[in-house]
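Heads up: the structure comes next, in structure tokens.
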2 protein chains.
Amino acid sequence: MSHTVGIRQAQKQKTRQALLDAALQLLEEQSLSSLGLREVTRAVGVAPTAFYRHFRDMADLGVALVEEALGSLHLMIGEALHEPRDDARIERTVALVAELVRTSPAHVRFIARERHGGVAAVRAAIGEQLDRFGDEVAAAFAREAESAGWSGEDLRMLAGVYVDHMVMTASSLLEAGPGGEERAGALARRQLRLISLGRRHWLD
Amino acid sequence: MSHTVGIRQAQKQKTRQALLDAALQLLEEQSLSSLGLREVTRAVGVAPTAFYRHFRDMADLGVALVEEALGSLHLMIGEALHEPRDDARIERTVALVAELVRTSPAHVRFIARERHGGVAAVRAAIGEQLDRFGDEVAAAFAREAESAGWSGEDLRMLAGVYVDHMVMTASSLLEAGPGGEERAGALARRQLRLISLGRRHWLD
DNA sequence: TTGGCCGGAGAACGGTTGTTAACTGAACGT
DNA sequence: ACGTTCAGTTAACAACCGTTCTCCGGCCAA
């Protein structure tokens, strides 16, 4: 493969990652459309012009951040939904989101903030990823016995509700901050129970 | 009252409103934290320093926009929920949101964008308004016969789901653009039906 | 070992930003 | 009628922005 691991490439990836990390940190207190190129390079400790060696502009860096935040999540989500019992699945789903918020809060904040943010390319990238999540969740649901008789459209709707709820839960867990997590988690579990009840009686 | 309607005050309110309008329009393609003071005054046609006669800074203007967008909505929302039959209430709720998006899309976009945006004061103002909506919806639900046996916490949870869903619906109606509104509206109605089903079987 | 490649540095550019101060003139209270 | 208030103007400030061009020096393939 073109997986060259020369000293050259390694150093380049290193500063590229440093740029992404610095941007992510700076984005905790502002939004992407106000983040300056010089601001990021200054935080890393490189010349402003070095930025262009890695990204065309800030929108480009934003899209890369979307991939970094959401790209590696597709495996975990299907796994959590594999749980057969309703309450256990709810528990695992909320736990998954909670751990995500705990381990990488800045990524979560970035997604929540830029999902409807001012940079079109980033909005589109996030929407695309969330759509993929929706499709995968719908596929997971389709494999369950409880989904017998459901139309594809209804299944996709339900999956969308789940995905939207996960994003919302992540955001509220973030806002809750330390101490309020348990309360926010309990609320999210109750909401998921409500949705599960609706699902169970959908075909009545 | 201190409701002075002199020529002086009238002109001041006029340019203040012009600033708000210009800002709202500029915010369709960027977010508040990147909107410049000079940018707004230039669009209105006044000197940059005139801005300070009306707002302390951009965050201040943002909070005023929140009030303008959400302040006059409290009446309408209770009215829509007054509908007794489930499907009729769903219909009215979605219709209310759809009309709101049709008549003032820029306000809706602003709220969706800045709800998790980069300006703390504006985030707080939006959160406060949405909390008020939640309380009012919960109070409306509490008056219904179907809510017998519900705990206050559960009712507030349900109300929160409704409010969050309305915001989400507004946002997706906006993204759908002309032509896709009917599809987005149908999806929103289905989602509300799911929630209503969950509500009906909550105490089973 | 040589010669090209290329990530990064440096300097400079035109333009924009928020904020300050002093000033103007029309609406205002008396 | 007269002095005051005050929304808006003008001018200037230092700081910052994105982008271009030129140059340096270490990696790398031959």
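By convention in this document, chain letters (A, B, ...) are assigned in the order of the sequence lines, proteins followed by strands, and residues within each chain are numbered from 1.
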Rounded to whole angstrom units, what separation is found between the [atom1] atom of [X] and the [atom2] atom of [N]?
X: Gln13(B); N: dA7(D); atom1: CD; atom2: P; answer: 11 Å
X: Lys12(A); N: dC5(C); atom1: NZ; atom2: C1'; answer: 12 Å
X: Leu32(B); N: dG18(C); atom1: CG; atom2: P; answer: 12 Å
X: Met58(B); N: dG18(C); atom1: CE; atom2: P; answer: 7 Å
X: Lys14(A); N: dG7(C); atom1: NZ; atom2: C1'; answer: 14 Å
X: Gln11(B); N: dG8(D); atom1: CD; atom2: C1'; answer: 10 Å
X: Arg16(A); N: dG8(C); atom1: CZ; atom2: P; answer: 12 Å
X: Phe55(B); N: dG8(D); atom1: CZ; atom2: C1'; answer: 15 Å

Any donor-acceptor pair under 3.5 Å linking the side chain of Arg200(A) with the backbone of His201(B)? no
Identify whether NZ of Lys or CZ of Arg in Arg199(B) sits under 6.0 Å from the centre of the six-membered ring of Phe141(B) and within 45° of that ring's axis.
-> yes
Residues Asp86(A), Arg89(A); criterion salt bridge (charged side-chain N to carboxylate O under 4.0 Å, His left out); working and verdict
CA-CA 5 Å; Asp86(A) 252 16; Arg89(A) 182 174 50 221; 2.6 Å; yes
Under a 4.0 Å heavy-atom criterion, the protein footprint on nucleotides 19-27 of chain C, written with B, S and -, is BBB----BB
Taking dG7(C), dC16(D), dG8(C) as options, the one with an atom nearest any side-chain atom of Ala50(A) is dG8(C)
Do Gln25(A) and Asp21(A) meet the criterion of a side-chain donor-acceptor pair at a distance under 3.5 Å? no
(Q) Take a 6.0 Å sphere around CD of Glu29(A) and say whether it holds more than 12 heavy atoms from other residues, nucleotides or ligands. (A) no
If the cut-off is 4.0 Å, is Thr15(B) near the phosphate of dA7(D), judged by side-chain N/O to OP1 or OP2? no
Across all chains, not counting sequence neighbours, the salt bridge (Lys or Arg N to Asp or Glu O under 4.0 Å) partners of Arg190(B) are Glu153(A), Asp154(A)
